[in-house]
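Please read these numbers as outputs of a predicted model, since none were measured by experiment.
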Amino acid sequence: MATKTSTPIFYPGFQYRDADGAMTWLEQVLGCTRREDHRDEDGNVVHAELEFRGAIVMLSSAGVGREPFRSLPAGGRLVYCALDEVDSLYERVREAGGEIAAELTDTDYGSRDFTVRDPEGNLWAFGTYRPEA
């Protein structure tokens with residue numbers, strides 16, 4: 001049963017050529033925890049969920065599942081995650097060998113942020129900036 005909320009919650013979803021590799025990267029580099037892992041009869045990931053500090057990221061193998069999702073190409077996406085403390089995550093990503101696409105910096109609009117590229121080209125940006133709704 002769906003839970004009603006007064007504020008919409010977005011759950012980013014990604015399609016990967018190598019969904020298993022993506023989940024391993026998300027766990028090892030960002031510190032995500034795997035929650036769900038549903039596969040078809042061929043072993044393709046139809047739907048997976050990983051938790052990152054209370055937030056949920058969904059993913060699947062590219063080209064599987066139902067339309068219109070299976071038609072989306074793998075890679076080339078951007079997700080931004082607002083959090084209070086980015087420095088420790090930045091250090092974790094560097095130590096894990098993550099490809100830093102934008103170094104840790106203080107921006108002119110008041111955010112402290114950095115961006116890492118996952119193995120299939122998606123950008124994961126983390127910063128202290130929180131847009132007001």
With sequence neighbours excluded, residues passing ring-ring contact (aromatic ring centres under 6.0 Å, His included) with Y16 | none
Who pairs with D40 by salt bridge (Lys or Arg N to Asp or Glu O under 4.0 Å), at least two apart in sequence or on another chain?
-> none
Is it true that L26 and I100 fall in one hydrophobic cluster, defined by side-chain heavy atoms closer than 4.5 Å?
-> yes
Are L104 and L123 grouped together when hydrophobic residues (ILVMFWY) are joined by side-chain heavy atoms under 4.5 angstrom apart?
-> no
Out of curiosity, S61 OG to R39 CZ, how far, rounded to the nearest 0.5 Å?
-> 7.0 Å
Under 4.5 Å between side-chain heavy atoms, hopping through other hydrophobics if needed: is there a path connecting I56 to I9?
-> yes
Going from CE on M23 to CG on D37, what distance comes out if it is rounded to the nearest 0.5 angstrom?
-> 4.0 Å
OG1 on T33 to CD on E51, rounded to 0.5 Å | 5.0 Å
Pairs satisfying side-chain hydrogen bond (donor to acceptor under 3.5 Å, both in side chains), at least one member in residues 22-31, at least two apart = E27-R34
Give the intermediate values and the outcome of side chain to side chain contact (heavy atoms under 4.5 Å, CB included) for residues D113 and T128.
-> CA-CA 7 Å; D113 58 38; T128 58; over 6 Å; no
Let me check something: any side-chain donor-acceptor pairs from residues 68-75 under 3.5 Å, sequence neighbours excluded? List them with distances.
residue	atom	partner	partner atom	Å
R70	NE	E67	OE2	3.0
R70	NH1	G65	O	2.5
S71	OG	E67	OE1	2.5
S71	OG	E67	OE2	2.8

Residues that E99 engages under salt bridge (Lys or Arg N to Asp or Glu O under 4.0 Å), provided they are two or more places apart | R117
Does anything in residues 90-112 pair up under ring-ring contact (aromatic ring centres under 6.0 Å, His included), and if so which pairs, sequence neighbours excluded?
-> Y90-F114, Y109-Y129
D84: what forms a side-chain hydrogen bond (donor to acceptor under 3.5 Å, both in side chains) with it, not counting sequence neighbours?
-> R130
Is there any ring-ring contact (aromatic ring centres under 6.0 Å, His included) pair reaching into residues 33-53, and which pairs are they, with sequence neighbours excluded?
-> F52-F126
Measure from the side-chain N and O atoms of N44 to the backbone N and O of V46, and report whether any donor-acceptor pair falls under 3.5 Å.
-> no
After noting the C-alpha distance and the side-chain angles of D42 and V64, does the key distance pass the side chain to side chain contact (heavy atoms under 4.5 Å, CB included) rule?
-> CA-CA 10 Å; D42 295 322; V64 302; over 6 Å; no
Give, for atom CD of E49 and atom CD of E36, the distance between the pair rounded to the nearest 0.5 Å.
-> 5.0 Å
From CD (E120) to CZ (F14), nearest 0.5 Å = 11.0 Å
Salt bridge (Lys or Arg N to Asp or Glu O under 4.0 Å) with D18: which residues, sequence neighbours excluded?
-> none
Quick one: salt bridge (Lys or Arg N to Asp or Glu O under 4.0 Å) partners of R77, sequence neighbours excluded?
-> none
Taking only residues two or more places apart in sequence, or in another chain, which ones meet S60 in a side chain to side chain contact (heavy atoms under 4.5 Å, CB included)?
-> Q15
Single-linkage hydrophobic cluster L50~L83, side-chain heavy atoms < 4.5 angstrom | yes
Kindly give the heavy-atom pair with the smallest separation between V45 and D20, and that separation in Å.
-> CG2-OD1, 4.3 Å
What heavy-atom pair brings T115 and A125 nearest, and what distance separates the two atoms?
-> OG1-CB, 3.5 Å
At what distance, to the nearest 0.5 angstrom, does CG of L78 lie from CG of N122?
-> 9.0 Å
Apply side chain to side chain contact (heavy atoms under 4.5 Å, CB included) to W124 and V57, showing your working.
-> CA-CA 11 Å; W124 296 77; V57 173; 3.7 Å; yes
S111 (side chain) donor-acceptor with G127 (main chain) under 3.5 angstrom | no
Partner residues of E85 under the side chain to side chain contact (heavy atoms under 4.5 Å, CB included) criterion, sequence neighbours left out | D87, S88
